Amino acid sequence: MKLLTLNFLTCAIKTCKTNPASFPLHPRDAELEIQEADLNLTFLKNILPRLMWEELRVISSELGLPELPATPPAPADLVEPSNTPLDTAEVTLAEGGAEAQEVEETPSQTAKDLHRILLETCIQEGKLVCGSCGHEYAVKEGVANFLLPGHLV
Amino acid sequence: MPIYLIRLAQVHESFRKVELQALADLAGVSLQFIKYDDNSPYCIVNLPSDSAARKVITRSILAQGIYELWGEGSTYDTLHDSIHDLSASKWSKYQTASFRFTVEGYQGGKSAADQRTIIDSFSYIALKGQPRMRDPDVAFRVFEAYDLNVSEPKYFYFGRFIAESCRNEAKKTYDLKKRHYISTTSMDAELTLLTANIAHVAPGKLFYDPFMGTGGFPIACAHFGAVVFGSDIDGRTIRGLGGSARRGQTGKMDVVGNFKQYSLESSYLGSFVSDLTNTPLRILPIDEDYTKGYLDGIVCDPPYGIREGLKVLGSRQQLLDTERQSHQDQYMLPGYIPPKKPYSFTALLDDILAFAVATLVADGRLSMWMPTANDEDIELIIPNHPCLELESVCVQAFNKWSRRLLTYRRLRESEVPEGALEAVKRDYEQGTRASDLNDFRRKYFQGFKEFESMKKEFIRMKAGPPRELDAEVPKR
Ligand SMILES: [Zn+2]
């Protein structure tokens, strides 16, 4: 499972969900693996405002990954400043209507770093632990198991 | 606004307009239907430009192609008159272009010699460029629509080719017969891709399937550019230790393997084992801002448990202290199986809608499949929620039952009626509303008595020889 997933996961126990300590889940004995993936700038821009940044920093530091900046980057920080200002950007006249040509954007170092952490770093084995109730969810072969045992449903 | 002819596949009729509208909305272009008939493969629309037409159609699964309409009529004479009236001003533009000119019949057709004569009758357009079958500058097509077993066409269209859809290529690429890992319940590729289009999948969006099985919907969503993840109550399905519907399939096949087969693993976040009634996903954001969703869309074909009954985690009766202790002692051991209890169909639907409301961004889509018996006595249920707007209902009919694709839009905060979110929040805190197995369910599933034959029908459809139901094949 890619680390971004942890930004959406809390404890599966209903009564825990209202307790802020149930998010994020804390990785324990985690075996990490890097799985190379194509950098998807459109997706990073879309998902950035939805990230719980503080919690992402916590997970990242618990896993011993490079420290993330204290404040989340702005969407504009994900793109290298363009050499061609937008107003002189090429505009093609498509048949039947004007259409601005898509300008190819170059991902910034910030985008590459985020991509590395969120979309290339995977937890393969280990546990995810709830900070509220202490319940441990096992991760095997990259798949976490959130089925609750009989005494917790 | 220019007028276009869309050549549709004559299949899944009730999905066709819905798909086109969804693709137009996604492309941000205005689309107006001028002429549409479920019984016809030709649809006439208004679109602002060729590039808008191209954007909409290149992603379509149920369209074959789009043409600028140059004329139409019920005889060749009226067709030629119509071309003079509608498009005479456009002829000169293509005078020197290399061109292709073809005649296509629906439910009928002409001999090559007759086609030649037909093409010659268009000589007044005065195309002086080179005829070229491959990659011409411009392509024209005459469409002849026949009634079944009638030798002369009843209607004609003439158009300039704009764009082809991705239908043939996508269906071929994602054909289940060639997929590494599938199960008996895998939905065919055409329908999963269609579902992704109707759910507004687009590059950069995040999509989730809570009942992913072998990953059919997430794969279709990833094909159209979304980043995807999913879950299933059965971990064996995800990890690939379960059985497979494919004869002669050996070795370990898993969901990741499917993504790799299509080079889509960059768009796959992973999956986890869970039950929607006890989802580990964030549903009450930490900051108590209930409207802050993070999913752009949810697509799913929930398990209906028609034969076995639905199951969710939990025990039928309150556990004794000793039983609780034994669960507590054993749950981390390999092979521990959590207890499950029966669950009602309506409760499942309520849970899915509530989950969607709690996780979707504003304007995000929920596209959900649901079975219905073809029986007038059975009340047709369409679940609803004050924060969701039902956008479309598409029906795929079989002999004794149908299934519907329901698509909802998550309302924006400003659109949600006052107090509605509070009520939803209360429901969550109290747990599921209708967890009892009620009369309604019994009545509902009486229509499914012949479930076994229905299931066979289903499997036959999937396993049968490749059948192209489109185009010129007469409909029974
Ligand atoms: Zn917990």
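Not measured: the values here are computed from a predicted model. Chain letters run A, B, ... following the sequence lines, proteins first, then strands; residues in each count from 1.
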Let me confirm one number: the [atom1]-[atom2] distance from [X] to [Y], rounded to the nearest 0.5 Å.
X	Y	atom1	atom2	answer
A:Leu147	B:Ile337	CG	CD1	11.0 Å
A:Phe43	B:Leu269	CZ	CG	5.5 Å
A:Asn145	B:Ser231	CG	OG	11.5 Å
A:Leu148	B:Tyr331	CG	OH	9.5 Å
A:Thr5	B:Tyr208	OG1	OH	11.0 Å

So does [Y] get a backbone contact from the side chain of [X], meaning a donor-acceptor N/O pair under 3.5 Å?
X	Y	answer
B:Ser266	A:Asp38	yes
A:Lys17	B:Ile283	no
B:His327	A:Pro149	no
A:Lys14	B:Thr277	yes
B:Arg282	A:Thr10	no

Using non-hydrogen atoms and a 4.5 Å limit, figure out which bit of [X] sits close to chain B: side chain, backbone, both or neither.
X	answer
A:Asn40	side chain
A:Ile47	side chain
A:Glu120	neither

So which of B:Asn278, B:Val256, B:Val255 has the biggest tally of heavy-atom pairs under 4.5 Å with chain A?
->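 Result: the option with the highest number of such pairs is B:Asn278.
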Choice from B:Gln328, B:Glu265, B:Gln325 maximising heavy atom contacts with chain A below 4.5 Å |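 Most heavy-atom pairs within the cutoff with chain A belong to B:Gln328.
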For residues [X] and [Y], determine if any side-chain heavy atom of one lies less than 4.5 Å from a side-chain heavy atom of the other.
X	Y	answer
B:Asp296	A:Asn46	yes
B:Lys205	A:Thr42	no
A:Phe8	B:Phe229	yes

Determine the minimum heavy-atom distance between B:Ser274 and A:Phe146, stating which atoms define it.
->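 Heavy-atom minimum between the residues: CB-CB, 3.9 Å.
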For chain B, find which of [options] contributes the most heavy-atom pairs closer than 4.5 angstrom.
options	answer
A:Leu25, A:Asn7, A:Leu4, A:Thr15	A:Asn7
A:Glu36, A:Lys140, A:Met1	A:Lys140
A:Gln35, A:Lys45, A:Lys2	A:Lys2

Count the heavy atoms belonging to other residues, nucleotides or ligands that lie under 6.0 Å from CD of A:Glu67, then report whether that count exceeds 12.
->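 Check fails, neighbour count at 12 or below.
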At a heavy-atom separation under 4.5 Å, does B:Tyr294 approach chain A through its side chain, its backbone, both, or neither?
->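 Both parts, backbone and side chain.
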